[in-house]
Amino acid sequence: MKKVAVFTSGGDAPGMNACLRAVVRTALYHKIKVVGIMHGYDGMIKDEFIDLDAKSVANIIHRGGTILKTARSQKFLTLEGRQKALANLQKHKIDGVIVIGGDGSFKGALEFSKICSIPFVGCPGTIDNDLIGTDFTIGYDTAINTVVEAVDKIRDTAESHDRLFFVEVMGRDAGLIALRAGIGVGAESILMPETKTDVADLINRLKSGRKNKSSKIILVAEGDEAGGAFAIAEQVKKELPDFDTRVTILGHIQRGGNPTAMDRVNSSRMGFAAVEALMKCEKSVMIGIVNKEVAYTHFENAVKHIEKLDPDLMRMVDILSL
Ligand code: F6P
């Protein structure tokens, strides 16, 4: 392993920079050259390769976003795009690649491995935490803390006006942001794609739980099958017109901001482990942290979305909510 390339891909996540810093510094320690690829797979196709040294990653551990920029590449979905990307990796004499991204990025790497024998290792960079093979993805802890901070503020105004709030959080396919942040803010209900949302039942529970608390906060994952926060709030308003109801969509605020200490530490461990995995001739594996230990999961298994939620956690959510 003489030269590795590293890039970030998919939605940015706080901690991607910390991971990149660890990759660069670990590789340099082992006398391996490092190049960064700007704009994810798009940059691999367009030949946006830049040399990285220890200084290029100075003072980035605390910064959200990604200094390498990122993209959701449409061109890489085509064989022609992948062929161009391969030609560029060969031109730059790359011996191994580290991709920091989510399941789409790993699916892309898996497809690429059909024509490209250069090994790829992944670090799970997504705020959604929807990957098998790691307890926490890069950015998840920061995102749920951002949600908790925002919803605590919403709780103040909800409590002052005796209001019902529907707060929509990110999670196109997964409700894990809604779940943990919902527990953290003491949400009265958490609606996510992994569990069946019964709006009639929610209405009944809102009616009967009304005496307990003057404010109510329902966290809705954007991918919930009953629709987004606005759609569900409309249905509830029809049945409960005397509730003073409001909707807040938190949106991309959840993807930004300085990474938490936990995200910085996990990201650093993953970047460090990714370089060592390439040195051990691993390929097509995602680095995760499972029960505090570094773990490898083949891309094929890592991409599967977690649909089974911890039943004990779900029982607790039920007991503590409305
Ligand atoms: O990367 C995951 C995610 O945060 C999803 O939860 C969300 O649906 C999506 O990104 C939004 O992506 P974009 O910024 O491309 O609209």
Side-chain angles (χ1 to χ4, degrees), residues 1-10 12-41 43-44 47-63 65-70 85-86 88-102 105-106 108-109 112-113 116-126 133-134 137-139 259 263-289 293-299 302:
M1 197 60 48
K2 292 199 177 95
K3 194 174 186 186
V4 297
V6 56
F7 67 102
T8 50
S9 170
D12 63 303
M16 280 182 160
N17 282 328
C19 184
L20 168 68
R21 170 181 176 271
V23 166
V24 173
R25 300 242 165 122
T26 308
L28 295 177
Y29 171 82
H30 289 292
K31 313 264 181 284
I32 300 169
K33 285 190 181 143
V34 199
V35 295
I37 305 171
M38 301 297 291
H39 297 107
Y41 287 112
M44 200 183 285
D47 197 8
E48 294 181 48
F49 289 54
I50 55 164
D51 290 332
L52 294 174
D53 58 21
K55 218 170 146 202
S56 342
V57 291
N59 291 324
I60 63 165
I61 193 167
H62 60 294
R63 283 171 58 191
T66 158
I67 61 161
L68 290 182
K69 314 257 182 185
T70 187
L86 175 59
N88 286 328
L89 290 177
Q90 287 166 339
K91 182 173 111 186
H92 290 277
K93 298 191 171 26
I94 303 299
D95 302 311
V97 181
I98 293 169
V99 46
I100 308 168
S105 312
F106 301 155
F112 197 34
S113 68
C116 169
S117 59
I118 301 166
F120 272 56
V121 164
C123 291
T126 166
T134 191
T137 55
I138 293 169
D263 266 327
R264 296 179 198 197
V265 174
N266 282 349
S267 307
S268 300
R269 285 187 74 189
M270 290 171 184
F272 175 80
V275 174
E276 299 208 329
L278 280 176
M279 292 170 71
K280 284 190 257 174
C281 299
E282 290 286 346
K283 66 183 292 187
S284 300
V285 293
M286 182 196 83
I287 306 295
I289 296 178
E293 302 285 337
V294 167
Y296 298 158
T297 303
H298 196 273
F299 283 156

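We use all heavy atoms of the structure for the numbers below, so side chains are in, but hydrogens, waters and symmetry mates are not.
Residues Val24 and Ser56 have side chains not in contact (no heavy-atom distance under 4.5 Å, counting atoms from C-beta outward).
Going from atom CD1 of Ile61 over to atom OG of Ser268 covers 4.0 Å, rounded to the nearest 0.5 Å. Once rounded to the nearest 0.5 Å, the distance linking CD of Gln90 with SG of Cys116 reads 7.0 Å.
Among the candidates Asp12, Ile100, Asn59, Ile60, the single residue satisfying the side chain to side chain contact (heavy atoms under 4.5 Å, CB included) test with Asn17 is Ile60. Test Leu89, Ile94, Val4, Val6 against Val35 for side chain to side chain contact (heavy atoms under 4.5 Å, CB included) and you get one pass: Ile94.
Listed for the Ser267 side chain is a donor-acceptor partner under 3.5 Å among the backbone atoms of Gly15.
Residues satisfying the side-chain hydrogen bond (donor to acceptor under 3.5 Å, both in side chains) criterion with Asn266, sequence neighbours excluded, are absent altogether. With sequence neighbours excluded, the residues satisfying side-chain hydrogen bond (donor to acceptor under 3.5 Å, both in side chains) with Ser9 are Ser105. With sequence neighbours left out, Ala109 forms a side-chain contact (heavy atoms from CB on, under 4.5 Å) with Tyr41, Phe120, Phe299. For Ala295, the side-chain contact (heavy atoms from CB on, under 4.5 Å) partners are Val290, not counting sequence neighbours. In terms of the salt bridge (charged side-chain N to carboxylate O under 4.0 Å, His left out) criterion, Asp263 has no residue partners (sequence neighbours excluded). Applying the side-chain contact (heavy atoms from CB on, under 4.5 Å) criterion to Arg25, with sequence neighbours excluded, gives Arg21, Ala54, Val57, Ala58. A search for side-chain contact (heavy atoms from CB on, under 4.5 Å) contacts involving His298 returns Leu110, Ser284, Glu300, Asn301, not counting sequence neighbours. Among residues two or more places apart in sequence or in another chain, the ring-ring contact (aromatic ring centres under 6.0 Å, His included) test is passed with His92 by Phe49. Looking at residues two or more places apart in sequence or on another chain, you find a side-chain hydrogen bond (donor to acceptor under 3.5 Å, both in side chains) between Thr66 and Thr8. In this view, Ser113 satisfies the side-chain hydrogen bond (donor to acceptor under 3.5 Å, both in side chains) rule with no residue, not counting sequence neighbours.
Pairs engaging residues 88-99 under the salt bridge (charged side-chain N to carboxylate O under 4.0 Å, His left out) rule: Asp47-Lys91 [sequence neighbours left out].
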N/O donor-acceptor pairs under 3.5 Å from side chains in residues 269-276, not counting sequence neighbours:
{"unit_1": "Arg269", "atom_1": "NH1", "unit_2": "Lys292", "atom_2": "O", "d": "3.0"}
{"unit_1": "Arg269", "atom_1": "NH2", "unit_2": "Lys292", "atom_2": "O", "d": "3.0"}
{"unit_1": "Glu276", "atom_1": "OE2", "unit_2": "His30", "atom_2": "NE2", "d": "3.1"}

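Counted within 6.0 Å of NZ on Lys69, heavy atoms from surrounding residues, nucleotides or ligands total 12 or fewer; the atom is thus considered open.
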